[in-house]
Amino acid sequence: MNDKVFNTEFEISMRLLLILSQSEKKRLTFDSLVTADFISNYSKEFGLSHSNLHGENEFSFSEFSARRALAQKAIKQLVLENLVKVSYSNDGFKYSITERGQALSNSLASDYATEYRLYAQKAIDYMSSKNEKELLNLITREASKSLRKG
């Protein structure tokens with residue numbers, strides 16, 4: 001699949017909304033959101049499915065930092081549009097979906113959105129047994145491996 005289609009700021013913002021709509025915690029840190037999105041797209045690499053939503057790509061882990069930069073812009077826009085609200089906690093800033101954001105998320109009814117919700121729920125469940133640092137270290141380690149292959 002073409003990364004230009006799936007890794008635009010708009011596309012990432014819609015995926016972040018879908019993740020927040022699936023989160024039972026309701027409030028997630030930025031790193032948790034980006035990590036959940038990444039795991040949702042490449043769930044096979046984490047043993048959560050038989051295929052990756054964004055296809056097979058030996059350099060998938062090396063995409064993480066570029067996606068993170070786009071996600072920063074996306075989350076800012078989501079907050080400005082009152083689709084996501086930000087609050088401060090002892091763990092730093094946390095994001096949650098607003099009623100307006102939930103309504104938009106619910107209106108996303110494509111096959112991709114439906115499938116993404118399933119993968120997002122698996123990612124959220126997977127992440128619940130690990131802390132942010134463990135997950136980010138895992139992604140960084142795998143990114144280094146994939147870059148060495150290239």
Side-chain angles (χ1 to χ4, degrees), residues 1-3 5-79 81-87 89 91-143 146:
M1 294 194 169
N2 187 339
D3 284 337
V5 173
F6 290 111
N7 289 325
T8 64
E9 185 180 323
F10 175 76
E11 182 75 25
I12 289 175
S13 68
M14 294 300 100
R15 293 193 319 245
L16 296 179
L17 274 182
L18 289 170
I19 290 166
L20 286 168
S21 75
Q22 296 300 114
S23 174
E24 290 182 24
K25 284 172 122 179
K26 300 297 180 202
R27 294 175 6 152
L28 296 173
T29 65
F30 176 74
D31 283 333
S32 290
L33 276 168
V34 173
T35 303
D37 177 52
F38 188 80
I39 293 171
S40 298
N41 289 320
Y42 294 108
S43 58
K44 179 181 175 184
E45 310 306 323
F46 297 88
L48 302 177
S49 68
H50 297 294
S51 63
N52 290 323
L53 190 56
H54 284 194
E56 303 303 315
N57 176 356
E58 68 179 288
F59 300 108
S60 58
F61 281 90
S62 61
E63 292 177 16
F64 187 75
S65 61
R67 284 172 174 234
R68 194 173 193 289
L70 282 172
Q72 284 179 318
K73 292 177 184 177
I75 198 73
K76 180 179 177 181
Q77 194 60 39
L78 290 169
V79 170
E81 292 177 12
N82 193 32
L83 298 168
V84 169
K85 65 182 175 182
V86 62
S87 57
S89 73
D91 298 329
F93 292 109
K94 292 204 171 181
Y95 300 90
S96 58
I97 196 165
T98 64
E99 285 184 32
R100 186 170 183 245
Q102 189 66 54
L104 177 56
S105 174
N106 291 345
S107 75
L108 301 174
S110 68
D111 289 343
Y112 178 84
T114 301
E115 193 170 4
Y116 186 87
R117 282 184 187 93
L118 296 172
Y119 285 86
Q121 190 59 59
K122 288 180 181 189
I124 291 165
D125 293 344
Y126 175 80
M127 290 171 61
S128 69
S129 65
K130 296 170 179 33
N131 66 43
E132 264 183 32
K133 188 174 180 178
E134 287 176 306
L135 290 164
L136 291 172
N137 285 340
L138 169 67
I139 291 170
T140 302
R141 191 170 52 248
E142 293 299 323
S146 73

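Just the heavy atoms: all of them, side chains too, but no hydrogens, waters or symmetry mates, feed the values below. None of the values given here were measured: they were computed from a predicted structure.
You'll find the ring centres of Tyr126 and Phe46 inside the 6.0 Å limit.
Side-chain contact check for Tyr95 versus Lys85: every heavy-atom pair is 4.5 Å or farther apart. With contacts defined as side-chain heavy-atom distances shorter than 4.5 Å, the pair Ser13/Lys73 does not qualify. Looking only at side-chain heavy atoms (C-beta outward), Leu108 and Met14 come within less than 4.5 Å of each other. Arg117 has its side chain within reach of Thr114: a pair of non-hydrogen atoms, C-beta onward, lies under 4.5 Å apart. Side-chain contact between Met127 and Leu135 is present, with heavy atoms from C-beta onward closer than 4.5 Å. Between Arg15 and Phe38, the closest side-chain pair of non-hydrogen atoms is not below 4.5 Å. Looking at heavy atoms from C-beta onward, Phe30 lies in side-chain contact with Ile75 at the 4.5 angstrom threshold. No side-chain heavy atom of Thr8 sits under 4.5 Å from any side-chain heavy atom of Leu70.
Within a 6.0 Å sphere centred on NZ of Lys76, other residues, nucleotides and ligands contribute 12 heavy atoms or fewer.
Within the 3.5 Å criterion, the main-chain N or O of Asp31 finds a donor-acceptor partner in the side chain of Thr35. Here the side chain of Asn41 pairs a donor or acceptor atom with the backbone of Asp37 at under 3.5 angstrom.
Nearest heavy atom pair, residue Leu53 against residue Ser40, reads CB-O, 4.0 Å. What you find for Ala74 and Leu16 is that their closest heavy atoms are CB-CD1, 4.3 Å. Residues Leu83 and Leu104 approach most closely at CD1-CD2, 3.9 Å, considering heavy atoms. Nearest heavy-atom pair, Ser87 versus Arg27, reported as atom, atom and distance to 0.1 Å: OG-NH1, 3.2 Å. The two atoms that bring Leu18 and Ser105 nearest to each other are CD2-OG, 3.5 Å, heavy atoms only. Asn82 approaches Thr98 most closely through the heavy-atom pair O-OG1, 2.7 Å.
To the nearest 0.5 angstrom, Ile124 atom CD1 is 6.5 Å from Leu28 atom CG. Between the CD atom of Gln77 and the CD atom of Glu9 there is a distance of 6.5 Å, given to the nearest 0.5 Å. Here CZ of Arg68 is found 11.0 Å from CG of Leu33. Values are rounded to the nearest 0.5 Å. We find the NZ-OG distance between Lys94 and Ser89 to be 4.5 Å, quoted to the nearest 0.5 Å. Rounding to the nearest 0.5 Å places CD of Gln72 at 11.0 Å from CD1 of Ile12. How far CG of Asn137 is from CD of Glu132: 11.5 Å, rounded to the nearest 0.5 Å.
Using modelled atom types and a 3.5 Å distance limit, the side chains of Thr29 and Ser32 yield a donor-acceptor pair. With hydrogens and angles left out, the side-chain atoms of Asp111 and Tyr116 include no donor and acceptor closer than 3.5 Å.
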